[in-house]
Amino acid sequence: MDLTGIHHLTAITADAPANNRFYTQSLGLRRVKKTVNQDDTSAYHLFFANGAGSAGSDLTFFDWPVGRERRGTRSISRTGLRIPANSLDYWAGRLSDNKLTAGGIVTLDGRGSIDFEDPEGQRFRLTADAAGASEPWAKSPVPAEHQILGLGPITISVPELEPTETVLTKVMNLRRVRDYASPDGEGQVHVFEMGAGGPAAELHVAVQPDLPTARQGAGAVHHVAFRTPDVPAIHNWANRLNELRVPNSGEVERYYFRSLYFREPGGNLFEIATDGPGFAVDEPFETMGERLSLPPFLEGRRAQIEAGLKPID
């Protein structure tokens with residue numbers, strides 16, 4: 001029973017309209033779903049992805065009126081975005097043109113990469129993926145041959161390795177494959193892979209005991225989700241967590257996928273999510289993400305929910 005890769009990553013924004021503009025215009029992603037946080041319907045939940053809205057490409061945001069995060073350990077510290085192997089120069093220029101905080105092109109863990117921050121300080125890493133296949137968005141301002149392919153690798157920070165490694169390897173069936181020095185000089189990074197491996201299926205664990213404990217806010221990551229193919233598979237994961245006495249949410253129906261949540265010992269929130277049914281389940285594929293979508297159990301409250309949301313394009 002294996003997880004197959006990164007499913008999605010959910011972060012926090014305090015400015016949904018500006019967030020929407022940045023991810024669709026500056027990064028050229030497609031907004032594939034405009035909905036609300038199902039546990040807090042006063043907040044948008046925006047989904048940005050490749051042109052197909054594929055599992056593994058979803059970068060999502062909760063819109064909460066909070067201050068900036070306090071950086072530290074016990075956090076999901078850097079979000080990886082995969083780009084075509086020949087696109088590093090293009091993206092270095094684009095990040096510069098958008099006046100973003102960004103580093104230069106470097107080789108890290110054997111791959112070309114560029115670190116940068118979004119306008120709210122969320123930390124990203126563009127990673128060249130030679131094996132990536134693009135599902136471009138026709139309306140993107142980024143040329144199809146340079147568009148972001150999807151997520152990965154994702155980096156988490158923990159104060160000690162052993163408890164987290166035990167959950168990753170003994171519970172989640174990830175494989176520890178190599179280590180490298182953190183580029184910021186703060187500890188070692190240990191690479192764990194799932195499924196077929198590669199940057200779309202890696203979790204990088206930075207061990208940073210000297211950092212303070214992070215506090216979430218705008219620019220922080222709320223959780224990272226891992227892929228499992230279907231509902232029978234997530235039943236198996238729920239049973240496995242219960243048998244191993246790992247505290248968890250139980251299965252949660254998110255309508256666009258089915259989920260299961262738990263925390264690893266380093267304090268980071270993990271989710272396991274099914275690949276389907278996907279974002280076209282309640283609206284046409286060609287126009288998905290253009291209007292406010294609500295799952296059936298919230299549809300009866302549409303007028304009330306819409307009245308509480310700030311307009312975005």
Side-chain angles (χ1 to χ4, degrees), residues 6-66 79 81 118-120 122 134-144 147-151 218 221-223 225 227 231 252-259 271 273-313:
I6 306 298
H7 186 282
H8 69 267
L9 178 138
T10 296
I12 300 168
T13 179
D15 188 346
N19 176 271
N20 180 72
R21 288 192 298 272
F22 177 76
Y23 285 92
T24 57
Q25 296 176 20
S26 297
L27 294 194
L29 295 169
R30 180 183 183 185
R31 191 180 73 202
V32 294
K33 190 61 60 178
K34 180 171 74 168
T35 185
V36 294
N37 182 323
Q38 294 178 10
D39 303 312
D40 174 13
T41 59
S42 69
Y44 278 115
H45 192 180
L46 303 177
F47 291 72
F48 306 99
N50 64 12
S54 308
S57 71
D58 309 331
L59 179 60
T60 94
F61 289 87
F62 295 146
D63 171 36
W64 286 332
V66 293
T79 303
L81 298 174
D118 83 353
E120 292 183 289
Q122 185 174 341
S134 179
E135 296 182 83
W137 176 37
K139 298 179 182 179
S140 176
V142 175
Q147 287 181 30
I148 291 168
L149 304 170
L151 291 165
V221 174
H222 188 268
H223 65 269
R227 296 175 64 179
V231 171
V252 180
E253 181 54 70
R254 295 303 191 195
Y255 191 52
Y256 308 113
F257 42 82
R258 193 168 181 85
S259 294
E271 176 182 355
T274 59
D275 282 353
F279 299 116
V281 68
D282 60 349
E283 56 184 338
F285 175 84
E286 293 75 17
T287 58
M288 64 185 186
E290 295 182 8
R291 64 183 292 273
L292 182 69
S293 295
L294 297 174
F297 59 87
L298 292 177
E299 187 60 50
R301 297 169 52 198
R302 174 175 286 273
Q304 172 193 351
I305 291 170
E306 287 186 328
L309 297 171
K310 59 180 76 73
I312 59 174
D313 296 334

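A 4.5 Å side-chain heavy-atom check between Val36 and Leu294 finds at least one atom pair inside the cut-off. In this structure, Gln122 and Val221 have side chains that are in contact, with non-hydrogen atoms separated by less than 4.5 Å. A 4.5 Å side-chain heavy-atom check between Asn20 and Pro17 finds every atom pair outside the cut-off. Taking 4.5 Å as the limit, every side-chain heavy atom of Tyr23 sits out of range of all side-chain heavy atoms of Leu46. Looking only at side-chain heavy atoms (C-beta outward), Pro136 and Val142 stay at 4.5 Å or farther from each other.
For the 3.5 Å distance criterion, the side chains of Thr10 and Thr60 qualify, holding a donor opposite an acceptor. Under 3.5 Å, the side chains of Ser140 and Arg30 contain no donor-acceptor pair of N or O atoms. Side chain to side chain, Tyr44 and Asn19 fail the donor-acceptor criterion of an N or O pair below 3.5 Å.
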Take Arg258 and Asp275 through the salt bridge (charged side-chain N to carboxylate O under 4.0 Å, His left out) test and state the conclusion after the steps.
CA-CA 8 Å; Arg258 193 168 181 85; Asp275 282 353; over 6 Å; no
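Pairs of residues two or more places apart, or lying in two chains, never qualify as salt bridge (Lys or Arg N to Asp or Glu O under 4.0 Å) while including a residue from residues 14-27. Counting only residues at least two apart or in different chains, salt bridge (Lys or Arg N to Asp or Glu O under 4.0 Å) contacts with residues 45-63 comprise Asp63-Lys310. Pairs passing the salt bridge (Lys or Arg N to Asp or Glu O under 4.0 Å) check and including a residue from residues 290-300, sequence neighbours excluded, read Glu299-Arg302.
Note: Tyr256 and Phe279 have tilted aromatic rings, judged against thresholds of 30 and 60 degrees for the angle between ring planes.
Annotation: ring pair (Phe, Tyr, Trp, His ring centres under 6.0 Å) contacts of His8 (sequence neighbours excluded): His223, Phe257. Under the rule for a salt bridge (charged side-chain N to carboxylate O under 4.0 Å, His left out), the partners of Glu283 that lie at least two apart in sequence or sit in another chain are Lys33. With sequence neighbours left out, the side-chain contact (heavy atoms from CB on, under 4.5 Å) criterion links Ala218 to Ala14, Val66, Arg68, Glu120.
Ring centers of Phe61 and His45: at least 6.0 Å apart, outside the cut-off.
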